[in-house]
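As the structure is a computational prediction, the values presented were derived from the model and not from experiment. We're numbering straight along the sequence, starting at 1. Each ligand, and each atom within it, is numbered from 1 in the order the structure gives.
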Amino acid sequence: MNNLNTLYKEKETTKKTVEKNNASSDLIHVGFAQVGAESDWRLAQTQSMKQTFSESNGYKLDFVDCNNDQKTQINAIQEFIDNGVEYIILDPIVEDGYDTVLTNAKNANIPVIIVDRNTKADESLYTCWVGSDFVKEGLDAADWLSGYLEANGRSSEIINIVTIQGTLGSSAQSGRTKGFNASLSSHPNWNMLDEQSGDFTEEGGYAVMKAFINQYPDIDVVICQNDNEAYGAIDAMKENNLSFGPNGDIIVIAFDATKGGFQRMIDGEIHVDIECNPLEGPLVAELIQKLKKGENVDKIQYVKEEVFPAETAADIIDSRVY
Ligand code: GYE
């Protein structure tokens, strides 16, 4: 009887282990090579991915914060391949330099979904891309500025502009720059004084704006390629007793439209925030589910985005989720 009991118990244990193994092997194994943690936008995107690719939703997520270092990112992807993940999600820090590792993923038959920033790698090397239209964001910023100057009777005034760019070589930086600068030729009175990278960080925005203020005595507009850079630029302007914001002199344009950016608009510090949506997790999961069923997915998918001028901020802030 004792023996039988032991046997029964052993059987139960084996059954449980097998169930557990089955359960974990049912999880879809996904690797996400994230850019870093440089901004509030980035933290919101990480949260969206982690919430979506949770075990309770049926995923096993290998998450690597690449600390804004491309080498780390390439190594992370290679490790995902070596570990046999089923899907790779990549947010490329910069546009160039991923061809070899993407070829390795392709040869290992692992679909790669690119999110947010894009790469110049050949389209055959990845399955699809989902993110923002950065060129359109830049164009939207220019359109807003044009309308704002016109509404204030300043459309033929000389307008001196400085740009605090994002990480050089990233598609978010190159797209926003390209979009905004495309409007310069149709506004001969707009004078782009300088463009320097603040690396999408608050400290970077502060340092670049401080240097701009020292060098250029008459800045009319500062374009900050993300909210965090704008916060840094605002600190630099305050420190130098410069007047800025909707009730002041220097026009402040930001990108991302995070909750913090909305608050700064309400506080009278930012004129307009061009939305960039980081909540890409559910969309990427939808793509993975389709790929798993063998369905086709669109090669390129843009997320929907808007332009939020300061006067709309108070009504909208409570509905913002990031
Ligand atoms: O604007 C910025 C982040 O790639 C769109 O990266 C993203 C940008 C975003 O650090 O805040």
Side-chain angles (χ1 to χ4, degrees), residues 32-49 65-70 72-73 89-96 98 113-120 129-141 163-180 195-208 222-234 252-265 270 272-281 283-284 300-308 320-322:
F32 176 32
Q34 171 63 300
V35 171
E38 71 284 359
S39 66
D40 296 343
W41 188 100
R42 183 68 51 205
L43 299 179
Q45 192 210 31
T46 293
Q47 201 189 9
S48 168
M49 292 293 185
D65 174 336
C66 301
N67 199 21
N68 223 22
D69 178 53
Q70 188 182 34
T72 305
Q73 194 165 44
I89 307 171
L90 164 65
D91 192 327
I93 296 168
V94 287
E95 288 176 290
D96 290 314
Y98 295 91
I113 297 164
I114 311 234
V115 288
D116 166 33
R117 301 184 186 174
N118 213 337
T119 162
K120 285 183 180 152
W129 170 85
V130 52
S132 308
D133 187 340
F134 299 118
V135 175
K136 182 180 176 294
E137 289 177 2
L139 285 166
D140 284 348
T163 300
I164 305 175
Q165 296 174 306
T167 301
L168 293 182
S170 69
S171 68
Q173 173 270 319
S174 67
R176 287 169 186 165
T177 303
K178 193 173 160 193
F180 186 88
E195 298 172 284
Q196 299 286 335
S197 174
D199 229 359
F200 283 132
T201 66
E202 193 161 333
E203 308 83 67
Y206 171 79
V208 172
V222 55
I223 300 171
C224 309
Q225 286 188 343
N226 79 347
D227 280 341
N228 291 80
E229 287 183 338
Y231 308 156
I234 287 165
V252 184
I253 297 178
F255 291 83
D256 282 357
T258 55
K259 242 190 172 138
F262 269 79
Q263 191 56 54
R264 298 295 183 124
M265 288 197 279
I270 292 178
V272 65
D273 218 333
I274 319 296
E275 185 181 31
C276 184
N277 191 343
L279 308 178
E280 290 151 342
L283 243 175
V284 177
I300 291 177
Q301 274 193 64
Y302 290 110
V303 291
K304 206 181 144 276
E305 292 167 338
E306 290 178 52
V307 173
F308 297 109
R320 301 300 288 170
V321 273
Y322 60 92

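Regarding atom 5 (C) of ligand 1, its nearest protein heavy-atom neighbour is D116 OD1, 3.2 Å. Of the protein's non-hydrogen atoms, E38 OE2, 2.4 Å is the one closest to atom 10 (O) of ligand 1. Looking from atom 1 (O) of ligand 1 to the surrounding protein, the closest heavy atom is D256 OD1, 2.6 Å. At the top of the distance list for atom 2 (C) of ligand 1, counting protein heavy atoms only, stands N226 ND2, 3.5 Å.
Using a 4.0 angstrom heavy-atom cutoff, C276 counts as in contact with ligand 1. Heavy atoms of E137 stay at 4.0 angstrom or farther from ligand 1.
Judged purely by distance below 3.5 Å, without hydrogens or angles, the side chains of E38 and N226 never pair a donor atom with an acceptor atom. A donor-acceptor pair shorter than 3.5 Å cannot be found between the side chains of Q173 and S197.
Residues F262 and R320 approach most closely at CE1-NE, 3.3 Å, considering heavy atoms.
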Report task. Take Q73 and Y98 through the test side chain to side chain donor-acceptor pair (under 3.5 Å) and record every step on the way to the result. Result -> CA-CA 9 Å; Q73 194 165 44; Y98 295 91; 2.6 Å; yes
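Within 6.0 Å of NZ on K136 lie no more than 12 heavy atoms contributed by other residues, nucleotides or ligands.
An N or O contact shorter than 3.5 Å is missing between W41 and ligand 1 by distance.
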